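For reference, the structure is listed below as structure tokens.
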Amino acid sequence: RKEVEQDPGPFNVPEGATVAFNCTYSNSASQSFFWYRQDCRKEPKLLMSVYSSGNEDGRFTAQLNRASQYISLLIRDSKLSDSATYLCVVGLFGNEKLTFGTGTRLTIIP
Amino acid sequence: NAGVTQTPKFQVLKTGQSMTLQCAQDMNHNSMYWYRQDPGMGLRLIYYSASEGTTDKGEVPNGYNVSRLNKREFSLRLESAAPSQTSVYFCASSAGRFSGANVLTFGAGSRLTVL
């Protein structure tokens, strides 16, 4: 089993719709969780950290489910500019190494 | 504020040639990383450096060497390039594992083709 797994997609979603991705992780000792966004042929950039209580940033909501070992990302009222690949990232506390999922590709359709 | 700068952006090598990818950060970060990204494989850690003077292997270190020249600079060297090393290479930095959230800032990437 991969350490971090994501559905590669692609997800083709009409503009204005709500879309959600999940990411599962295998190491129950994982302590830090992030969503990064990567545009085509660009570097990954932090979208948001994921906290135990869940967190929201505008149209984006991230949740952590430790019992089932997954994190989720919800995008509401999707915009054309949301088209990108979304990378799930997981790390252990006190460890420099972060493990990346292979990413979920999202395309917002006008 | 440049963030993380890596050079070159593009490079074509022949099998057996050597080259060094350079990376520098101006954010006073403690930790620096080299990743490679291949289609369907995601980002894989090659080497990292938790602090000046220390380096450690990541998931795929074979065929690579690194040098943490000082706090700002972390270079990646391919001694004898192989076609399997054709990839996009990303340098990244972070404040470090004890900084709270270990958030990575990436450079723009270096596209390497080995013929």
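Letters A, B, ... are given to chains in the order of the sequence lines, protein chains preceding strands, and every chain is numbered from 1. Please read all numbers here as calculations on a predicted model, not as lab measurements. What's counted below: heavy atoms across the whole structure, side chains too, no hydrogens, waters or symmetry copies.
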*Between Phe21(A) and Phe11(A), does a ring-ring contact (aromatic ring centres under 6.0 Å, His included) hold up when you go through it step by step?*
CA-CA 9 Å; Phe21(A) 314 132; Phe11(A) 284 63; 5.3 Å; yes
_Is it the case that the side chain of Thr15(B) and the backbone of Ala82(B) share a donor-acceptor pair, with hydrogens and angles ignored and the cut-off at 3.5 Å?_
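No; judged by distance alone, with no hydrogens or angles, the pair does not exist.
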*asked:* Donor-acceptor pair, distance only, cut-off 3.5 Å: does the side chain of Thr102(A) make one with the backbone of Met41(B)?
replied: no
*Classify the side-chain pair Asp38(B)/Ser87(B) by whether it contains a donor and acceptor separated by less than 3.5 Å.*
yes
*Is it the case that Arg105(A) and Tyr86(A) place a side-chain donor and acceptor less than 3.5 Å from each other?*
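On atom types as modelled, these side chains do not qualify, holding no pair under 3.5 Å.
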Against chain A, label [X] side chain, backbone, both or neither, depending on which of its atoms sit under 4.5 Å from a heavy atom there.
X	result
Arg44(B)	neither
Leu45(B)	side chain
Glu59(B)	neither

Per-residue contact mode, [X] against chain B (heavy atom under 4.5 angstrom):
X	result
Gln38(A)	side chain
Pro44(A)	both
Phe33(A)	neither

